[in-house]
Amino acid sequence: QVQLVESGGGLVQAGGSLRLSCAASGSIYSIGVMGWYRQAPGKERELIAQIISGGTTNYADSVKGRFTISRDNAKNTVYLQMNSLKPEDTAVYYCNADGVVLTGASNQFRYWGQGTQVTVSS
């Protein structure tokens, strides 16, 4: 029904930048919250940034001031601009869409992307 497709991961040197994109497709009427999580080897998945449909944003302390989340509601797409990357930012980054209302329905759903690898070398 709904797919989240991420792009933009890769290998970058410390201090560099990457921009992740995540496009949601399907019979979507609206998406309440879109966000980015990450999971490093041996660690739990953690929320790093989220943005509500009205534009309010929330960041984890570890990325505040370095990462910027934005969204294009018309395209059901969320972006994560990552600057001043550090080796500890290395992880698989997952896109999340929460409070998704499908066309012609009233229930809300949650979806995940497949993940994209970000590797920051020192």
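Heads up: numbering here begins at 1 and tracks the sequence. As a basis for the values below, the full set of heavy atoms in this structure was taken, side chains included, without hydrogen atoms, waters or symmetry mates.
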**Student:** Is Tyr79 reachable from Tyr94 through a run of I, L, V, M, F, W or Y residues, each pair having side-chain heavy atoms under 4.5 Å apart?
**Tutor:**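 No; Tyr79 is not reachable from Tyr94 via cluster members.
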**Student:** Restricting to non-hydrogen atoms, name the atom on Val101 and the atom on Gln108 that form the minimum distance, rounded to 0.1 Å.
**Tutor:**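 Result for this residue pair: CG2-CG, 3.8 Å.
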**Student:** To the nearest 0.5 Å, what is the distance between OG (Ser25) and CD (Gln1)?
**Tutor:**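 CD of Gln1 is found 11.5 Å from OG of Ser25.
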**Student:** Should Leu80 and Tyr111 be regarded as members of a common hydrophobic cluster, given that ILVMFWY residues are connected when their side-chain heavy atoms come within less than 4.5 Å of each other, either directly or indirectly?
**Tutor:**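 Yes, Leu80 and Tyr111 fall within the same hydrophobic cluster.
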**Student:** Just by modelled atom types, is the Cys95 backbone N or O under 3.5 Å from a matching donor or acceptor in the Glu6 side chain?
**Tutor:**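 Yes.
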**Student:** What heavy-atom pair brings Ser122 and Ala14 nearest, and what distance separates the two atoms?
**Tutor:**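 For Ser122 and Ala14, the tightest heavy-atom pair comes out as CA-CB, 4.4 Å.
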**Student:** Closest approach of Val33 and Gln50, non-hydrogen atoms and distance?
**Tutor:**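 The pair with the smallest heavy-atom distance is CG1-NE2, 3.7 Å.
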**Student:** Output all residues satisfying side chain to side chain donor-acceptor pair (under 3.5 Å) with Glu88, sequence neighbours left out; order by chain, then residue number.
**Tutor:**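 Per chain and number, Glu88 pairs via side chain to side chain donor-acceptor pair (under 3.5 Å) with no residue.
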**Student:** Rounded to the nearest 0.5 Å, what separates atom CG in Asp89 from atom OG in Ser62?
**Tutor:**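 With rounding to 0.5 Å, CG (Asp89) is 7.5 Å from OG (Ser62).
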**Student:** Is it possible for you to say whether Leu20 and Val92 belong to one hydrophobic cluster, with membership spreading through side-chain heavy-atom contacts below 4.5 Å?
**Tutor:**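 In one cluster: no.
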**Student:** Looking at Ile69, Thr68, Val118, Val12, which one forms a side chain to side chain contact (heavy atoms under 4.5 Å, CB included) with Met82?
**Tutor:**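 Only one of Ile69, Thr68, Val118, Val12 forms a side chain to side chain contact (heavy atoms under 4.5 Å, CB included) with Met82, namely Val118.
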**Student:** Is the shortest distance from a Lys or Arg side-chain nitrogen in Asp61 or Lys64 to a carboxylate oxygen in the other one below 4.0 Å?
**Tutor:**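 Salt bridge present between Asp61 and Lys64.
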**Student:** For residues Ile48 and Tyr93, determine if any side-chain heavy atom of one lies less than 4.5 Å from a side-chain heavy atom of the other.
**Tutor:**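 A side-chain contact under 4.5 Å exists here.
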**Student:** Could you report the tightest heavy-atom contact between Ile31 and Ser53, atom names first, then the distance?
**Tutor:**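 Scanning both residues completely, I find the closest heavy atoms to be O-CB, 3.7 Å.
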**Student:** Please give me the minimum heavy-atom distance between Leu4 and Ala97, naming the atom from each residue.
**Tutor:**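 So the minimum-distance heavy-atom pair works out to CD1-N, 3.7 Å.
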**Student:** Is there a path of hydrophobic side-chain contacts, each under 4.5 Å between heavy atoms of I/L/V/M/F/W/Y residues, joining Trp36 to Val2?
**Tutor:**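 Yes; tracing contacts between hydrophobic side chains, which count when under 4.5 Å, links both residues.
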**Student:** Quick check: closest heavy atoms across Gly8 and Leu18, and the distance to 0.1 Å?
**Tutor:**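 Taking Gly8 first and Leu18 second, the nearest heavy atoms are O-CD2, 3.8 Å.
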**Student:** Measure the spacing between CZ of Arg38 and CZ of Arg45 and express it to the nearest 0.5 Å.
**Tutor:**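 If we round to the nearest 0.5 Å, Arg38:CZ and Arg45:CZ are 13.5 Å apart.
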**Student:** So how far is it from Met34 CE to Thr57 OG1, rounded to the nearest 0.5 Å?
**Tutor:**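 Met34 atom CE to Thr57 atom OG1 measures 15.0 Å (nearest 0.5 Å).
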**Student:** Can you measure from OG (Ser84) to NZ (Lys86) and round to the nearest 0.5 angstrom?
**Tutor:**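 So the OG of Ser84 and the NZ of Lys86 are separated by 8.0 Å.
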**Student:** Output the distance between atom CD (Gln81) and atom OG (Ser21), rounded to the nearest 0.5 Å.
**Tutor:**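 These two atoms lie 9.5 Å from each other.
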**Student:** Sorted by first residue and then second, give each ring-ring contact (aromatic ring centres under 6.0 Å, His included) pair with at least one member in residues 39-78; sequence neighbours left out.
**Tutor:**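 As it turns out, there is no ring-ring contact (aromatic ring centres under 6.0 Å, His included) pair with a partner in residues 39-78 once direct neighbours are skipped.
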**Student:** Given side chains that start at C-beta, do those of Gln117 and Leu11 come closer than 4.5 Å, heavy atoms only?
**Tutor:**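 No. Closest side-chain heavy atoms not under 4.5 Å.
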